[in-house]
Every structure is written in structure tokens, then in C-alpha cells.
Amino acid sequence: MKFTIEIKDIKSKARTGIIETAHGKILTPIFMPVGTLGSVKGVHFRELKEDIKAQIILGNTYHLYLRPGIDVLSPAGGLHKFIGWDKPILTDSGGYQVFSLAENRKLTQEGAIFRSHIDGSKHIFTPENIVETQRAIGSDIMMALDECAPYPSDYAYARKSLDLTHHWLKRGWKKFQETDPLYGFEQTFFPIVQGSTYRDLRTESAEYVSSLNCEGNAIGGLAVGEPAEVMYEYIELVNSILPEDKPRYLMGVGTPVNLLEGIERGVDMFDCVMPTRNGRNGMLFTREGIINIKNEKWRSDFSSIEPDSDCYVDVLHSKAYLRHLIINKEMLGAQIASIHNLAFYLWLMNEARNKINDGSYSEWKKLMVNKLATRL
RNA sequence: GGGGAGAUUCCAGAGCGGCCAAAUGGGGCAGACUGUAAAUCUGUUGUCUACGACUUCGGAGGUUCGAAUCCUCCUCUCCCCA
């Protein structure tokens, strides 16, 4: 993997760049649609490519390991071939499931012992077998196994959690270096900064992560309930330590405003379920603000979902029609909303790139932040 | 023509003397959702000068301290037999 910075913003930490992977280039800043189970829910790959212009999608190691299972993905030749997606894939390690499936797991030095949410069967994820599993999945970018500590965490817990994450990271990174790709193309490994909302822990984590000199670095454990301002503070802190010449990935974030604030602070990559999940639930992110399409006020609004968009569903369909579909739980409604939201997120990233490149990012961001947070 | 069942808050449908402004589901309205156990979850849904008051359970009257619940008549629906 290779990362080249194109333009650095003068007034902020924002920058544009190009990540080159075995499955093609990624122009940053970038938003990566989440496709946990090898599918971005409700969105076909052709739509991802042609309408949304996604450059890379996510998969999830925990979920793919349980189903379809490595015994299917290996003979399939890896996830790319299995799902029919020839662009880059990043896989989360299952670290987030350590957090979100907390009742079904136990953490030890050795690893995370899980009870499958599907059948209750017991599994152990170690930093090593998570690397091996991601080798079998064949993701372009694999993530270290970490613990995403809940918010708030007291200092003692955060300290212990960070030590565990670092211990796991050391072993995972070692395993990565000792193993080779299974499908003849290069893979890379991103470590994850943790440390909850404690400046000394975050600093220590960012320094340790930086010292490994991996090809890219991630910030985890944010957007788990803390105020947005706190999140921004920690992005700033961590990014002041992480190497500038490596891509920085802010995991699980976020709202359109979060993305713009993150970019301003030097983040290059984002992923979030928000555009798809909230889209399915009737929340639309648009250039003018946020729409709850289920609201009665859109009942007879025959204007396009996003009139100036070059995504065809945005122009073809009216708000009233989309409302009708969502209210009636028609599958097509969830599909259109997901396509629209993702197209919007990718459009936003592309705009951000353009603004950084022509030196007007800060002014543009200020304007957009107000608009994007507006409830229509 | 004869016999039977029933009419409950937007709908369906509980309730069968006080704990009923009335269960539950649907619908309506609104909210939540941030590395997806989510096409999910939550709130609300008679009126008001609103932590209290007022008007509601087909209509009219009656019994009772007290009725959606008991009695009488009326109106209307549905079912069965001719």
C-alpha cells in the first residue's frame, strides 16, 4: 500500500491524498460504506460503483467468520471474489463487537472469548487468529484486534483496557509480519489508538501506535456516547502525534458534520453505518440538511430527493414517493434511502477534496456545518 | 315471518358494578440510531385555563353512594331457520 499526500490545507490540518492498494486507488478524504456481512445493506455493487461512487467498502471479521465462515471464504478465493467486488475492502477486526456484544464475551490477555450471537457457540478471538482470519478474507486493509472501551470508562478501566489493546496489538502486528497473503495480492495492517477520554492514555496510545510504523493508523473508541466536542478534542490530540505521512482512519464516524470536523483535523478515512441504517429508518442526509422522510410534512412534497445530485435515484424520485415507500416498509424505500445517503456522503467527501485542493476548505466547511445540521 | 348475537376511544378488539380516559394490536404523529445481533427501537395518540378538572363506551330513560358494565324501550348491524 502506498499513501501520497496531494495537497495540505494552509489553514487547518486537512489534506487530500491517494491511497494505492492492490485493488485500486482511493482518493482521500474518503468515506467507506459499511458492508458488514459482505453486503452494504440494501445496495447492490453496481449501485455502489456507478451511483454512489464508493471506492472502498468495509467487511467485518467477526460476522464473516461466523457466517459464511472461513471454510466458505477460503475456497471462494477470498471476499472480493465471493461477493464480486474488485475494489478495495477494509475489514474491521471484531473489536467493535467486543464493545457492542459485551454481554456475550469475556476478555482475557489471550483474547476475546465470544458467544456467537447466532447460536450461542463459544469462540475465541486472539490477535493472531484475527490476522489469520483476515488473511483468509483477503481484505486490502485489515484491522488490529482491540477493545473499544465504553463511554464513560473510569480511569482504572481505561488504563487496563488500553494495556490489553496494546498487548493484543503487539502480537497482532507480529503475526501480520510473519504471515503472507493467501491470494497473491498485498494486504496491509492498521493498528488502532484507544485510551478512552483520558489525554495521557490517548497520548501514550498514539505514541505507541506511531512507533510501530504501520502503513496507516486508526483512531478507535470515539463516537461511543461522548459529546462531539470531546471527540474533536481527542481527534486533534491523537492526530498531533500520529505520523502525517500515513493515512488516518477515524473508525465508526459519523454524521456529515463529524466528517467535516474530522477532515479539518487531519482525518483521511471514515466509515459509519449511519447513512445506511438511518436511511433504512427514514433519515435522509441532504445538502440542505436532515430530513425525517416519515414526517407528515413530506406527504405531498413532489420535489426531488436531491435536485442537484448526479445520482439518478435522487433526481428521479420525489420525497413524497420515498416517504410512501418507507412508511409502507417497501424494500425499495430502504434501498433508495441508502443509495441516496451514501451518494451524499461520497459527494460530500469529493466536495471536501475539491475545496482542500483549491484552498477554500475552512470557509466552505463553516458554511456546510450549519446547513448539514439543520433539521428540515 | 321466526330465532339468536352484537353495537366500546381513528380501526380491530378486551373489559362485564368502583382499581376505566378504558388492556392489547393496528393505524396516525413524533423521537432515537455513529468500526450494523437494527428493513430496528422508544414515546405519544378524548378535551382543557393540564401534576387537577371536564366530556366519553349506539340513543333515551331507570336501578345504585357509584354504570362501558344491571334493567326497560328505541335505532342499527350481523348470523341461522322459513
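All values below come from the heavy atoms of this structure, side chains included, with hydrogens, waters and symmetry mates left out. The chains referred to below are lettered A, B, ... by the order of the sequence lines, with proteins before strands, and numbering in each begins at 1.
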For residues 219-235 of chain A, which side-chain N or O atoms pair as donor and acceptor with protein atoms under 3.5 Å away, sequence neighbours left out?
from: A:Glu226; atom 1: OE1; to: A:Ala223; atom 2: N; distance (Å): 3.3
from: A:Glu226; atom 1: OE1; to: A:Val224; atom 2: N; distance (Å): 2.9
from: A:Glu226; atom 1: OE2; to: A:Ala223; atom 2: N; distance (Å): 2.6
from: A:Tyr232; atom 1: OH; to: A:Asn258; atom 2: ND2; distance (Å): 2.9
from: A:Glu233; atom 1: OE2; to: A:Arg199; atom 2: NH1; distance (Å): 2.7
from: A:Tyr234; atom 1: OH; to: A:Thr197; atom 2: O; distance (Å): 2.9
from: A:Tyr234; atom 1: OH; to: A:Tyr198; atom 2: N; distance (Å): 3.4
from: A:Tyr234; atom 1: OH; to: A:Arg199; atom 2: N; distance (Å): 3.3

Using the side-chain contact (heavy atoms from CB on, under 4.5 Å) definition, which of the options A:Ile305, A:Asp51, A:Asp308 pairs with A:Asp314? A:Ile305
If you check the A:Asn258 side chain, which of B:rA39, B:rU34, B:rG35 turns out closest? B:rU34
Could you check whether any side-chain heavy atom of A:Gln97 comes within less than 4.5 Å of a side-chain heavy atom of A:Phe125, counting everything from C-beta outward? no
What is the distance, to the nearest angstrom, from the CG atom on A:Leu250 to the P atom on B:rG35? 11 Å
Nearest-Å distance, CE (A:Met283) to C1' (B:rU36)? 16 Å
Whole-Å gap separating P (B:rA38) and CE (A:Met331): 18 Å
Which comes earlier along RNA chain B counting from the 5' end, the contact point of A:Ala334 or that of A:Cys148, where each point is its nearest nucleotide? A:Cys148
Do any of residues 186-207 of chain A sit with a heavy atom less than 4.0 Å from RNA chain B, and if so which? A:Ile192, A:Gln194
Strictly under 6.0 Å, is that where the ring centroids of A:Tyr183 and A:His80 end up? no
Between B:rU45 and B:rU34, how many Å separate the two C1' atoms, rounded to a whole number? 31 Å
Pair A:His317-A:Leu322, side chain to side chain contact (heavy atoms under 4.5 Å, CB included): steps then yes or no: CA-CA 7 Å; A:His317 298 301; A:Leu322 181 53; 5.7 Å; no
Within less than 4.0 Å of OP1 or OP2 of B:rU34, is there a side-chain N or O belonging to A:Arg277? yes
Tell me which nucleotide among B:rA37, B:rG35, B:rU34 gets nearest to the side chain of A:Val34. B:rG35
Which part of the nucleic acid does A:Gly221 contact within heavy-atom distance under 4.0 Å: base, sugar-phosphate only, or nothing? base
Rounded distance (Å) that lies between atom P of B:rG35 and atom CE of A:Met251: 10 Å
Identify the residue among A:Ile56, A:Thr91, A:Asp92 that makes a side-chain contact (heavy atoms from CB on, under 4.5 Å) with A:Ile141. A:Ile56
Taking the C1' atom of each, how far is B:rA39 from B:rA23, in whole Å? 29 Å
What is the ring orientation for A:Trp364 with A:Tyr361, classed by angle as parallel under 30°, tilted 30 to 60°, or perpendicular over 60°? tilted
Using whole Å, report how far CG of A:Asn60 lies from P of B:rU36. 5 Å
Under 4.5 Å between any side-chain heavy atoms of A:Arg171 and A:Thr126, yes or no? yes
Check whether the side chain of A:Ser100 and the base of B:rU36 form a donor-acceptor pair under 3.5 Å. no
Gap between atoms CD and C1', on A:Gln97 and B:rG35 respectively (whole Å): 8 Å
When we call it a touch if two heavy atoms are under 4.0 Å apart, what does A:Asp271 touch: a base, just sugar-phosphate, or nothing? sugar-phosphate
Give the B/S/- string for nucleotides 24-30 of chain B, one per nucleotide from 5' to 3', where a protein heavy atom under 4.0 Å of the base yields B, of only the sugar-phosphate yields S, and otherwise -. ----SSS
Using Watson-Crick or G-U wobble geometry with both distances under 3.5 Å, which nucleotide pairs with B:rG27? B:rU45
Scan A:Arg67 against the nucleic acid and name what it touches under 4.0 Å (heavy atoms): base, sugar-phosphate only, or nothing. nothing
Integer angstrom distance from the C1' of B:rG31 to that of B:rG46: 23 Å
Parallel under 30°, tilted from 30 to 60°, perpendicular over 60°: which one fits the rings of A:Trp85 and A:Phe45? tilted
Rounded to whole angstrom, note down the P distance from B:rA7 over to B:rA68. 15 Å
To the nearest angstrom, the CG-C1' distance between A:Leu66 and B:rU36 comes to 14 Å
Taking the chi torsion of B:rC51, is it syn (within 90° of 0) or anti (everything else)? syn
Pairwise P distance for B:rG28 and B:rU75, with rounding to whole Å: 39 Å
Select base, sugar-phosphate, or nothing to describe what A:Ser116 touches, counting heavy atoms under 4.0 Å on all strands. nothing
Please confirm whether the ring centroid of A:His117 lies under 6.0 Å from the ring centroid of A:Tyr62. yes
P atoms of B:rC57 and B:rG61, separation to the nearest Å: 12 Å
